[in-house]
Asker: 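The following block contains the structure, expressed as structure tokens.
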Amino acid sequence: MTTSAKAYIAPSATSPLRPGTIERRELGAFDVRIAIKFVGICHSDIHTARGDWAGVSFPVVVGHEISGVVEAVGARVTGYSPGDRVGVGCFVDSCRECPNCRAGEEQHCLAGATSTYNSVGRDGLPTAGGYSTSIVVDENYVLRIPEGISLDVAAPLLCAGITMYSPLRNWGVGRGTRVAIIGMGGLGHMGVKIAAALGAEVTVLSQSLKKQEDALRLGAESYYATSDPVTFDILRGYFDLIINTVSADIDVDGFLSLLALDGTMVLVGLPPKPLSQRAWSLASFRRSLAGSKMGGIRQTQEMLHFCAAHGLGAEVEVIPASKINDAFDRVLASDVRYRFVIDAGTF
Ligand code: NAP
Ligand code: ZN
Ligand code: ZN
């Protein structure tokens with residue numbers, strides 16, 4: 001039997017989200033049904049709900065920074081029991097057989113991972129995300145939230161946290177690595193916290209000086225406004241790793257010039273329009289330009305344990321569902337400190 005869940009639904013790219021009801025699939029043998037407690041507002045939810053990216057099937061229920069409590073488990077579930085504190089991130093299934101799935105990089109499944117929303121599940125039904133009161137997910141794609149992190153500040157770790165943790169780990173950031181984070185929003189502020197906890201020397205490159213005090217409090221050693229051209233002179237050739245979280249067009253060549261010999265700039269922000277850069281910016285100083293997308297299940301669980309061990313969670317503003325459309329506008333205006341999280345009790 002399916003179960004009904006309350007949800008906030010985007011009917012089209014141009015209409016505001018509105019309350020409604022959706023059906024969650026019957027609990028399969030390997031499924032976990034989760035009572036959602038909190039869900040973060042990721043900028044990707046806004047890109048999707050506003051039709052910025054191609055291929056959105058409306059109506060859509062977005063949300064992939066989900067935290068909650070297990071309500072029921074299928075007959076063959078071994079990893080979870082009712083009452084467990086759990087999370088769900090950006091994908092809820094994958095083929096489990098391709099080399100990337102076998103390597104624990106399910107987000108890069110060769111058959112295409114099933115996204116938490118705007119995708120089609122193995123049951124042939126469209127997936128619906130976490131702006132809802134419950135969700136049913138195969139236990140292999142559910143994460144355990146350690147006791148040390150409360151569920152409101154844990155929710156954004158399921159996308160923003162892993163999206164920053166993964167490149168920081170994969171590019172070997174540790175004590176003394178010079179790391180710059182471009183854009184201090186949901187992703188960026190988690191990047192600052194995690195990079196600082198890894199021992200890196202962290203610099204924030206933000207549009208303005210407005211968030212300077214916060215950045216230093218979260219662990220950054222320095223902070224520069226990208227609106228000031230002097231920033232690019234002072235920091236030329238300085239960083240080992242730059243992570244760009246900005247969702248808009250940026251001056252890629254300008255930021256590449258800030259990389260040291262063999263430095264890498266990793267793109268995690270996903271602007272709708274193509275970026276461009278000169279070959280010279282890469283050839284000089286043997287620089288690399290790379291990208292990164294979320295992280296696999298194993299690394300996401302590792303990230304949650306790392307955050308619990310270091311007392312890290314997101315800086316959140318908890319809102320009721322009725323404020324979602326206002327919150328979308330505020331994120332677009334960079335007016336968020338630093339993640340909106342919806343209280344699922346208000347759907
Ligand atoms: P966010 O909270 O809106 O943060 C983005 C930050 O970028 C803003 O706070 C702002 O920081 C800066 N920014 C925004 N507009 C700008 C502009 N026009 N010029 C320069 N800087 C600007 O968004 P988010 O949730 O962190 O997501 C950021 C991007 O990452 C989105 O494109 C999202 O879709 C993408 N994303 C990718 C992945 C992945 O796996 N690769 C995962 C999640 C999200 P300052 O005010 O400090 O400049
Ligand atoms: Zn996201
Ligand atoms: Zn696969």
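Just follow the structure's listing: the first ligand is 1, and inside any ligand the first atom is 1.
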Asker: With under 30° as parallel and over 60° as perpendicular, where do the rings of Tyr165 and Phe306 fit, or are they tilted in between?
Answerer: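 Answer is tilted, since the angle falls between 30° and 60°.
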
Asker: Between Tyr223 and Ser206, do the side chains contain a donor N or O and an acceptor N or O under 3.5 Å apart?
Answerer: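 Result is yes, a qualifying pair exists.
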
Asker: Going by atom types only, do Ser4 and Glu23 share a side-chain donor-acceptor pair under 3.5 Å?
Answerer: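 Ser4 vs Glu23: donor-acceptor pair found between side chains.
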
Asker: Do the side-chain N and O atoms of Asn100 and His108 include a donor-acceptor pair separated by under 3.5 angstrom?
Answerer: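 Side-chain D/A pair, Asn100 to His108: absent.
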
Asker: Assign the ring pair Phe347 / Tyr131 to parallel, tilted or perpendicular, where the plane angle (0 to 90°) is split at 30° and 60°.
Answerer: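 Parallel, since the angle between the ring planes stays under 30°.
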
Asker: Tell me, please, which residues at least two apart from Glu106 pass side-chain hydrogen bond (donor to acceptor under 3.5 Å, both in side chains).
Answerer: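 Glu106 satisfies side-chain hydrogen bond (donor to acceptor under 3.5 Å, both in side chains) with no residue once adjacent residues are dropped.
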
Asker: Determine, step by step, whether Arg330 and Glu317 satisfy the salt bridge (charged side-chain N to carboxylate O under 4.0 Å, His left out) criterion, reporting the C-alpha distance in whole Å, the side-chain angles of both residues, the deciding distance to 0.1 Å, and the verdict.
Answerer: CA-CA 12 Å; Arg330 285 182 55 196; Glu317 181 175 336; 3.3 Å; yes

Asker: Just checking, any donor-acceptor pair under 3.5 angstrom between side chains of Asp251 and Gln277?
Answerer: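 There is no such pair between these side chains.
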
Asker: Examine Phe255 together with Phe232 and report whether their ring centres are nearer than 6.0 Å.
Answerer: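 Centroid separation for Phe255 and Phe232: below 6.0 Å.
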
Asker: Between the side chains of Ser281 and Asp253, is a donor N or O closer than 3.5 angstrom to an acceptor N or O?
Answerer: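 The answer is yes; a qualifying pair exists.
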
Asker: Show the protein residues that qualify under the rule heavy atom under 4.0 Å from an atom of ligand 1, listing them in chain and number order.
Answerer: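 Correct list: Cys42, His43, Ser44, His47, Trp53, Cys159, Thr163, Gly183, Met184, Gly185, Gly186, Leu187, Ser206, Gln207, Lys211, Thr245, Val246, Ser247, Ala248, Val268, Gly269, Leu270, Ser292, Lys293, Met294, Val331, Ser334, Arg339.
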
Asker: Quick one: how many protein N/O/S atoms are under 2.8 Å away from the Zn ion (ligand 3)?
Answerer: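 Protein N, O or S neighbours of the Zn ion (ligand 3) under 2.8 Å, waters not counted, come to 4.
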
Asker: Quick one: do the Ser166 and Gln299 side chains pair a donor with an acceptor below 3.5 Å?
Answerer: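 Yes, because at least one side-chain N or O of Ser166 sits under 3.5 Å from a partner of the opposite role on Gln299.
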
Asker: Identify which protein N/O/S atoms are less than 2.8 Å from the Zn ion (ligand 2).
Answerer: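 Those protein N, O or S atoms (cut-off: under 2.8 Å from the Zn ion (ligand 2)) are Cys42 SG, His64 NE2, Cys159 SG.
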
Asker: Can Thr127 and Ser119 be counted as having a side-chain donor-acceptor contact under 3.5 angstrom?
Answerer: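 Not at all, the side chains of Thr127 and Ser119 share no donor-acceptor pair under 3.5 Å.
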
Asker: Is there a path from Leu218 to Tyr224 through hydrophobic residues (I, L, V, M, F, W, Y) whose side chains come within less than 4.5 Å of each other?
Answerer: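 In one cluster with Leu218: Tyr224, no.
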
